[in-house]
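Remarks on the structure that follows.
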Amino acid sequence: MLQLNYIRENKDEVLKRLSIKNFKDAESILNAVLEKDTARRNMQKDSDNLKAEANQIAKQVGELMKAGKKEEAEHAKAKTGELKLKEKKFDEQLKNLEDEIHSLLVQVPNAPSLKVPGGKTPEDNEVVFEHGVKPTLYANAKPHWDLTTKYDLIDFELGVKIAGAGFPVYKGKGARLQRALINYFLDKATAQGYLEIQPPIVVNEDSGYGTGQLPDKEGQMYHVGIDNLYLIPTAEVPVTNIYRDVIVKENDLPIKNCAYTPCFRREAGSYGKDVRGLNRLHQFDKVEIVQIAHPEKSYEILEEMREYVAGLLKELELPYRVLKLCGGDMSFASALTYDMEVWSAAQQRWLEVSSVSNFEAFQTNRLKCRFKDANGKSQLAHSLNGSALALPRIVAALLENNQTEIGIKIPAVLVPYTGFDMIV
RNA sequence: GGAGAAAUGGCAGAGUGGUCGAUUGCGGCAGUCUUGAAAACUGUUGAACCGUGAGGUUCCUGGGGUUCGAAUCCCUAUUUCUCCGCCA
């Protein structure tokens, strides 16, 4: 949620930034918000005065009673009846106005950074960096869904039997490769100063609202109805919610957390080649990095996180590219997002493996995650997160790109974790 | 799942109808002392909203109620703890 004060003071800038996201009704919504805000403030002033008066009378009654002036006290009491009625009316109207403002405000996406390119579709994303050489495969090379069968690494059919499509069963070296990647990613993140967190993988409603999955994306999460809990779609949800309703120390910024969790996504509406094999799953593993940052440092930190993720891909010897998402392709909450994609040699396409975003104060406004600045004033911190990394598509690319006639080569950095350097 | 108790500021913990936005301790911050630090001492220290300001309003888990007046009384929801049962 955008900050009301900020909109009030920087309306033109906010409008300009929102136009990058092609958000249509920005002007009319913001005008309505500001109008209602003015009305709300006036009403609060009136209401506060009324309450002050009532408080005065209550105090007087107390004093009169103590002094034994019963009659006068009764007289004063009588006066409050009327005030009370008015008070109730004011409170109701105030609450209505606040609700209206809130429901308008939650419709407004985060205002993109001015660095975000315009555009509407993924084609308009800007390639800012590309690294590595796309491998040329031998004649009989296969896509990963054939390789996983050939080497008995992943059983998709078995997953269907046990749970359903999109819940693969990893076996033998396939399972070991998963564990190796998770450990490798966690070790790297820890070395980079991220504190490892092992959060719950279900969250309550408040947490869902805190990071913005609720109410909009309710249908994308698995819901445990009997206890009203949601399976997390990403570790971002439980980890960021650690800082809900928290005032952190300015000196502690930036706070760096990482977490491995399984992630659960219903992916309603997906179909076709996008869902083949490991391309899109209902359950997958991911190591997430999260930072709570000082507002002045957040963009610097975004670049640092992007570099960090790129470093992982480089070590894994995967050809990758970095996209700066255009306004139309960005998520609702993001102010600037980099997508990292790896080249899948057998599918001949780029696969998104990480998304690194600066949310500025959009999430922290909802979360009420603040810090005290040098003047003792609380202000909202900025939040950022990124995948580092999501496993399935990394596995897909590793298998496809490194296949040879005699087996699949494991990149050197992973060998200490897998215990084997070749899948044969 | 059954029985009981509790929920107060960063933490601990007072407070049972008006003088309570809340005693006190710890922690934090600033200062004195010190070459520096520690200790000691002194001061300061919750949040949100309205207001240029003075100041005002709201908040003692959430919601509702009683009352001129509620942290305090009543109802309700949630959570936590203890005991019992079950159990990785």
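In what follows, every heavy atom counts, from backbone to side chain, and hydrogens, waters and symmetry copies are set aside.
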What is the pairing partner of [N], taking Watson-Crick or G-U wobble pairs with both distances under 3.5 Å in any strand?
N      : result
C86(B) : none
A5(B)  : U80(B)
A37(B) : none
G43(B) : C29(B)
U19(B) : none
A14(B) : none

Any pair counted as ring-ring contact (aromatic ring centres under 6.0 Å, His included), so long as it reaches residues 159-179 of chain A, sequence neighbours left out: F167(A)-H282(A)
Of all pairs that satisfy ring-ring contact (aromatic ring centres under 6.0 Å, His included), the ones with a partner from residues 217-248 of chain A, not counting sequence neighbours: H223(A)-Y230(A)
To the nearest Å, how far apart are [X] [atom1] and [N] [atom2]?
X       : N      : atom1 : atom2 : result
K249(A) : C11(B) : NZ    : C1'   : 11 Å
K77(A)  : U66(B) : NZ    : P     : 15 Å
D252(A) : G28(B) : CG    : P     : 13 Å
E205(A) : U78(B) : CD    : P     : 13 Å
D206(A) : A77(B) : CG    : C1'   : 14 Å

Letter per nucleotide, 5' to 3', of nucleotides 48-63 of chain B [B base touched, S only sugar-phosphate touched, - untouched; heavy atoms, 4.0 Å]: SBSS----BSS-----
Student check: side-chain heavy atoms of M422(A) and K409(A) closer than 4.5 Å: yes
Charged tip of K324(A) within 45° of Y338(A) ring normal and under 6.0 Å: no
Ring-face cation of K173(A) near F420(A) (centre distance under 6.0 Å, axis angle within 45°): yes
Whichever of E63(A) and I57(A) has its nearest RNA chain B nucleotide further upstream toward 5': E63(A)
Spacing of the [atom1] atoms in [M] and [N] (rounded, Å):
N      : M      : atom1 : value
A71(B) : A77(B) : P     : 23 Å
G64(B) : U58(B) : P     : 15 Å
U8(B)  : A70(B) : C1'   : 14 Å
U82(B) : U67(B) : P     : 40 Å
A47(B) : G65(B) : P     : 30 Å
G62(B) : C11(B) : P     : 15 Å
A40(B) : G25(B) : P     : 13 Å
G85(B) : G10(B) : C1'   : 38 Å

Counterpart residues, side-chain contact (heavy atoms from CB on, under 4.5 Å), relative to K45(A) (two or more places apart): none
Any K372(A) side-chain N or O less than 4.0 Å from OP1/OP2 of U45(B): no
Qualifying salt bridge (Lys or Arg N to Asp or Glu O under 4.0 Å) pairs with a residue from residues 162-172 of chain A, counting only residues at least two apart or across chains: D152(A)-K171(A), D155(A)-K171(A)
I'd like a table of donor-acceptor pairs (distance under 3.5 Å, sequence neighbours excluded) in which one partner is a side-chain atom from residues 100-120 of chain A, with atom names and distances.
residue, atom, partner, partner atom, Å
E100(A), OE1, K36(A), NZ, 2.6
S103(A), OG, D99(A), O, 3.2
S103(A), OG, E100(A), O, 3.1
Q107(A), NE2, S103(A), O, 3.2
N110(A), ND2, A333(A), O, 2.8
N110(A), ND2, F359(A), O, 3.1
S113(A), OG, K115(A), N, 3.0

